[in-house]
Amino acid sequence: MPEAAVIIVGAGPSGLAVAGCLSRLEIPYLLLEREDCFASLWKKYSYDRLHLHLQKQFCELPHMSFPSSCPTYVPKKQFIQYLDDYVAHFKISPMYQRNVESATYDEGSERWVVKAMNNDEGCGGEVEVFLGRFLVVATGEATNPYVPEIEGLSSFDGEVLHSTRFKSGVEFKNKNVLVVGSGNSGMEIALDLANHGARTSIIVRSPVHFLSKRMVYLALVLLRYLSLSKVDALMVLLSKLVYGDLAKYGIARPKEGPFFMKIKYGKYPAIDVGTCSKIKSGEIQVLPTEIGSIRGNDVKLKNGKSYQFDSIVFCTGFKRSTHLWLKGDDYLLKEDGLPRPSFPNHWKGKNGLFCVGLSRRGLYGSSEDAQNIANDIQSSL
């Protein structure tokens with residue numbers, strides 16, 4: 001059975017960051033990925049107009065900067081090219097179509113025993129066993145697409161899709177489309193639909209902070225010098241000045257600050273790239289309540305109102321599945337797949353177990369985690 005010092009589960013940007021750091025330190029590893037490519041969320045399951053919402057210096061993987069030719073806010077295509085270059089530079093070779101079924105720590109051999117189904121063609125679902133002294137969970141915050149259970153959803157006559165299957169609003173021209181979910185994906189997909197001539201509605205059931213990209217950049221700089229509460233107060237003031245009172249359009253402002261909410265609940269502010277103006281102009285209709293039931297094309301909301309839609313796009317996030325395959329860990333990860341220890345000690349568990357990219361701090365957090373993990377492993381060898 002294959003053995004290496006480190007087993008990494010997941011070849012998204014977080015897993016690649018760890019692999020790059022280990023390669024640089026000449027520490028042998030095995031990188032297991034359930035899809036047929038690395039960074040599958042970016043390559044296969046993201047919409048066309050996607051850009052990094054933070055400036056590129058906050059989104060670099062360890063030990064390799066973006067080319068100077070890249071714009072400040074890197075578009076999807078160029079970010080994928082950057083990841084391709086990163087993999088080539090560090091000679092990273094993931095083992096694809098390996099779906100991890102279990103990972104247990106054997107105290108006798110002091111090794112992690114990882115069992116993975118090989119779904120590659122010709123392997124017939126063969127179960128393979130891998131051994132490693134260290135195990136890195138790099139499956140990320142976005143693992144399995146989640147669609148809520150809604151009465152009558154199966155009876156809907158139109159198209160139903162998760163945001164991971166949405167590419168462009170061009171195919172929805174002149175259609176009535178409902179976007180469910182008001183995170184950044186939901187807001188940007190609603191904008192893309194409206195830009196391509198769809199009659200767009202979006203469900204916004206919870207209060208939302210709207211910030212511009214420049215506001216977020218300013219906040220990230222100020223957080224080095226000022227307290228979180230002062231930065232949040234400034235962001236709320238700037239948001240009020242730029243966007244005004246959005247309550248008249250069905251969007252309430254949260255009572256807690258945007259970065260406090262990000263840290264405490266993992267709820268990101270809406271980074272506006274044009275959606276707000278479309279809401280104000282009426283090109284995007286806000287529905288401030290949940291779906292109650294669906295019958296055919298008729299969507300009835302919990303406030304009693306009904307609307308007809310041709311398509312529904314669920315931007316309702318993901319569920320992590322780490323708890324289904326990681327056995328015996330009662331310290332590092334909770335059942336929801338997020339770390340029990342708080343930042344900045346969230347990345348290290350017991351018996352050589354680590355996690356990367358789960359601190360809700362984006363690519364910058366993944367980069368920091370990866371370097372911490374690699375350095376810790378090097379000191380243990």
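The model shown is predicted, which means the values in this text are computed figures rather than measured ones.
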Within a strict 4.5 Å, meaning less than it, do heavy atoms of the [X] and [Y] side chains meet?
{"X": "Lys300", "Y": "Arg295", "value": "no"}
{"X": "Pro62", "Y": "Tyr86", "value": "yes"}
{"X": "Val114", "Y": "Leu32", "value": "yes"}
{"X": "His63", "Y": "Gln371", "value": "yes"}
{"X": "Pro2", "Y": "Leu30", "value": "yes"}
{"X": "Leu333", "Y": "Leu358", "value": "yes"}
{"X": "Glu35", "Y": "Lys44", "value": "yes"}
{"X": "Val242", "Y": "Ser212", "value": "no"}

Cationic N near anionic O, under 4.0 Å, Lys175 to Glu159: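 Looking at Glu159 together with Lys175, the answer is no, because their closest N to O distance does not fall below 4.0 Å.
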
Qualifying residues under salt bridge (charged side-chain N to carboxylate O under 4.0 Å, His left out), relative to Glu126, sequence neighbours excluded: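 Once residues adjacent in sequence are excluded, Glu126 has no partner under the salt bridge (charged side-chain N to carboxylate O under 4.0 Å, His left out) criterion.
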
His162 ring center within less than 6.0 Å of Phe318 ring center: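 Judged by ring-centre distance (under 6.0 Å), Phe318 and His162 do meet the cut-off.
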
Phe134/Trp112 aromatic ring centres below 6.0 Å: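 They do not qualify: ring centres at least 6.0 Å apart.
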
From Lys76 atom NZ to Gln81 atom CD, the distance as rounded to the nearest 0.5 Å: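 Here the rounded value is 14.0 Å.
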
Gap between atom CZ of Phe172 and atom CZ of Phe166 - 0.5 Å precision: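 Nearest 0.5 Å value for the CZ-CZ distance: 5.5 Å.
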
Ile8 to Gly15 - nearest heavy-atom pair and separation: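 Distance-wise, the nearest heavy atoms are CG2-CA, 4.1 Å.
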
Minimal non-hydrogen separation, Pro71 against Lys56, with atom names: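 Answer, listing the atom of Pro71 first, then Lys56: O-CD, 3.5 Å.
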
Heavy-atom donor-acceptor pair, Ser239 side chain to Met235 backbone, under 3.5 Å: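 No; judged by distance alone, with no hydrogens or angles, the pair does not exist.
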
Selection residues 317-333 - residue pairs positive for salt bridge (Lys or Arg N to Asp or Glu O under 4.0 Å), sequence neighbours left out: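 Listed by first then second residue: nothing to list.
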
Donor-acceptor side-chain pairing of Glu128 and Asn118 below 3.5 angstrom: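 Note: Glu128 and Asn118 side chains meet the donor-acceptor criterion.
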
Stepwise salt bridge (charged side-chain N to carboxylate O under 4.0 Å, His left out) check, Arg199 with Glu283: CA-CA 7 Å; Arg199 293 181 289 274; Glu283 292 172 80; over 6 Å; no

Residue Tyr307 excluded, over 12 heavy atoms near OH under 6.0 Å: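 Buried by this count: over 12 neighbours within 6.0 Å.
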
